Amino acid sequence: MRCHYEVLGLRRDCTDDDLKKAYRKLALKWHPDKNLDNSEEAAEQFKVIQAAYDVISDPQERAWYDNHRDALLKGGVDGEYQDDSLDLVQYFTVTCYSGYGDDEEGFYAVYRRIFQLIVKEEMESKINDGGEEYPTFGDSESDYDTVVHPFYAYWQSFCTVKNFAWKEEYDTRQASNRWEKRAMEKENKKTRDKGRKERNELVRELVAFIRKRDKRVQAHRKMVEEQNAEKAKKVEELRRQQKLQNAKLAEQYKEQSWMAMSELEKELQQMEAQYDKEFGDGLEDDEEEAEEQQDGRASDEGDEEELLYDDLYCPACDKVCQSEKAMRNHEKSKKHREMVALLRQQLEAEEEEFSNSVGEETSAMEDEDQILSEEEDEELQEETPKPK
């Protein structure tokens, strides 16, 4: 059986206009009335052209034909068709090649032919001739960046363009209604997707098998490891030099500071000696003032310490904290709150007791004042003469 597109001389992505033009041209060429001398061959050829045009001109027939084209050309869709794709399983072994040279039986020659056959099968299954390019496997001397890396980057994520329509279980043309046809199409799609997935995984696993044994990849990996080790060594050396330089700068800075302090002390001693020579007891007065200032600073420090002690002392718990943060944490503690509540109760009880005692004393004093006032009134009455 010939391909309908080849009979009409068209590409698989041709338009309806291209189809009509090609059919008219071939129909005029092979019509039996135009070929009276060779009428039998013309009739047979015209019949093939008419059949091809009938299928391609119908959108549904054309879609079905495109999906089953390979199966139809290789034996039909009655279940007898067997996929003649390259069997890749036999290449998952080191016995399929001999050595890593570029000879016919070498590693690179064998697997280069394998991927050329895979590309050929993919190109035959494409509807249009355009599209992506397939990176080549190269040879033992191929550059890693321009050949090896692009090859593995593409084939490790390989996706086939084959539709695997020959694996379908149902012929949708025999469906009695549209619901049955949809159910058939759904089951056929599952079958095609399964076949496509298995093919993709098989090719990717073969690529992983080859990459693990590819001497070009191993050499590149070793080179990268050496470069990384060299970079780490350089970084460590730079870090060590930086530390030495920082230590040297710090040492120089300390020496300069010490020298400056020594020179300053010498100048101060010279100034003191000259001042003592010129003014006599003035130095003693200065020393007394310095002592007074020192005593004042000491007293101020003592006051500050007392204030700090008061701020860090908890009278409820009778405890001195080491810092303000410790004091804040202590004030939030449960024990502190209980002691504060207890202290508050004690203070309230003492205050109430004190108020009661003060009230009793006040009432007693008022009673005494009243008694004294009554006695004074009686004395005044006795002293006052009665009228005759």
Side-chain angles (χ1 to χ4, degrees), residues 85-123 125-126 130-162 164 193-257:
S85 300
L86 179 64
D87 183 14
L88 300 178
V89 178
Q90 58 182 326
Y91 297 101
F92 281 86
T93 175
V94 295
T95 59
C96 67
Y97 60 89
S98 176
Y100 290 88
D102 292 325
D103 54 300
E104 291 296 325
E105 301 298 328
F107 176 86
Y108 300 101
V110 170
Y111 285 112
R112 183 169 57 249
R113 289 196 300 269
I114 297 304
F115 284 100
Q116 288 175 353
L117 292 175
I118 295 174
V119 171
K120 183 180 178 181
E121 293 178 358
E122 295 294 318
M123 296 297 294
S125 300
K126 282 187 175 182
E132 58 186 344
E133 297 181 357
Y134 297 89
T136 58
F137 185 66
D139 53 30
S140 61
E141 301 297 329
S142 298
D143 182 66
Y144 182 86
D145 294 328
T146 58
V147 177
V148 181
H149 177 70
F151 172 82
Y152 286 111
Y154 176 83
W155 288 96
Q156 282 178 331
S157 58
F158 169 77
C159 291
T160 181
V161 297
K162 293 182 178 182
F164 289 85
D193 292 343
K194 181 180 178 181
R196 189 180 297 110
K197 182 180 179 182
E198 291 175 353
R199 182 65 176 181
N200 292 337
E201 291 178 352
L202 185 63
V203 173
R204 294 172 187 176
E205 289 174 0
L206 177 63
V207 173
F209 176 85
I210 298 171
R211 187 174 186 273
K212 185 178 180 180
R213 292 157 179 81
D214 195 338
K215 299 297 182 182
R216 301 170 301 181
V217 177
Q218 296 176 3
H220 179 75
R221 186 184 295 113
K222 183 178 180 181
M223 182 186 68
V224 171
E225 291 176 355
E226 292 176 353
Q227 291 178 352
N228 293 335
E230 186 68 21
K231 289 180 181 178
K233 186 177 179 181
K234 289 182 180 180
V235 170
E236 186 65 25
E237 181 66 20
L238 290 174
R239 187 182 292 110
R240 188 181 65 82
Q241 292 179 1
Q242 188 67 28
K243 288 182 179 180
L244 293 175
Q245 186 177 2
N246 294 337
K248 187 176 181 181
L249 291 174
E251 185 178 356
Q252 292 177 356
Y253 176 76
K254 290 180 180 179
E255 291 179 356
Q256 292 176 359
S257 302

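Computed from a prediction, not measured in an experiment: that's the story for all the values here. All residue numbers refer to positions in the sequence shown, counting from 1.
- For Arg240 and Glu237, the salt-bridge test passes: some basic side-chain N is under 4.0 Å from an acidic carboxylate O.
- Interatomic distance, CZ of Phe115 versus CZ of Phe137, reported as 7.0 Å (0.5 Å rounding).
- A 4.5 Å side-chain heavy-atom check between Tyr91 and Tyr97 finds every atom pair outside the cut-off.
- Asp143 contributes atom CG, which lies 11.5 Å from atom NE2 of His149 (distance to the nearest 0.5 angstrom).
- Side-chain contact check for Met223 versus Gln227: some heavy-atom pair is nearer than 4.5 Å.
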Exercise for review: Let me see the working for Asp214 and Tyr152 under side-chain hydrogen bond (donor to acceptor under 3.5 Å, both in side chains), right down to the final yes or no.
Suggested key: CA-CA 11 Å; Asp214 195 338; Tyr152 286 111; 2.7 Å; yes

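- When side chains are defined from C-beta on, Leu238 does not count as touching Gln242, because their heavy atoms never get closer than 4.5 Å.
- Here ring-ring contact (aromatic ring centres under 6.0 Å, His included) pairs that include residues 194-232, with residues two or more places apart or in two chains, are Phe92-Phe209, Tyr144-His220.
- Salt-bridge formation is not detected for the pair Glu226/Lys233: no Lys NZ or Arg NE/NH1/NH2 atom is positioned less than 4.0 Å from an Asp or Glu carboxylate oxygen.
- Between the side chain of Arg216 and the backbone N or O of Asp139, at least one donor-acceptor pair lies under 3.5 Å.
- In this structure, Asn200 and Thr160 approach most closely via the heavy-atom pair OD1-N, 2.8 Å.
- At least one side-chain heavy atom of Glu122 sits under 4.5 Å from a side-chain heavy atom of Phe158.
- Within a 6.0 Å sphere centred on CD of Gln218, heavy atoms belonging to other residues, nucleotides or ligands number more than 12.
- Note on Arg196 versus Asp193: salt bridge recorded, some NZ/NE/NH1/NH2 to OD/OE distance being below 4.0 Å.
- With hydrogens and angles disregarded, no donor-acceptor distance shorter than 3.5 Å links the side chain of Gln156 to the backbone of Val207.
- Considering CG of Leu86 and CG of Leu206, their distance stands at 9.0 Å, rounded to 0.5 Å.
- For the pair Phe107 and Val94, the minimum side-chain heavy-atom distance is 4.5 Å or more.
- Closest approach of Gln90 and Cys96 over heavy atoms only: O-CB, 4.1 Å.
- The closest side-chain heavy-atom distance from Ile210 to Trp155 is not below 4.5 Å.
- Around atom CD of Glu141, no more than 12 heavy atoms belonging to other residues, nucleotides or ligands sit under 6.0 Å away.
- Across every non-hydrogen atom of Pro135 and Pro150, the tightest pair is CG-O, 3.8 Å.
- Taken to the nearest 0.5 Å, the OH atom of Tyr134 stands 4.5 Å off from the OH atom of Tyr154.
- Looking at heavy atoms from C-beta onward, Ser98 lies out of side-chain contact with Glu104 at the 4.5 angstrom threshold.
- The CG atom of Leu88 lies 9.5 Å from the CG atom of Leu117; values are rounded to the nearest 0.5 Å.
- Taking CG of Asp102 as the reference point, atom CZ of Arg112 lies at 6.5 Å (rounded to 0.5 Å).
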**Study point:** Full working for salt bridge (Lys or Arg N to Asp or Glu O under 4.0 Å) between Arg239 and Glu236
**Key:** CA-CA 5 Å; Arg239 187 182 292 110; Glu236 186 65 25; 2.8 Å; yes

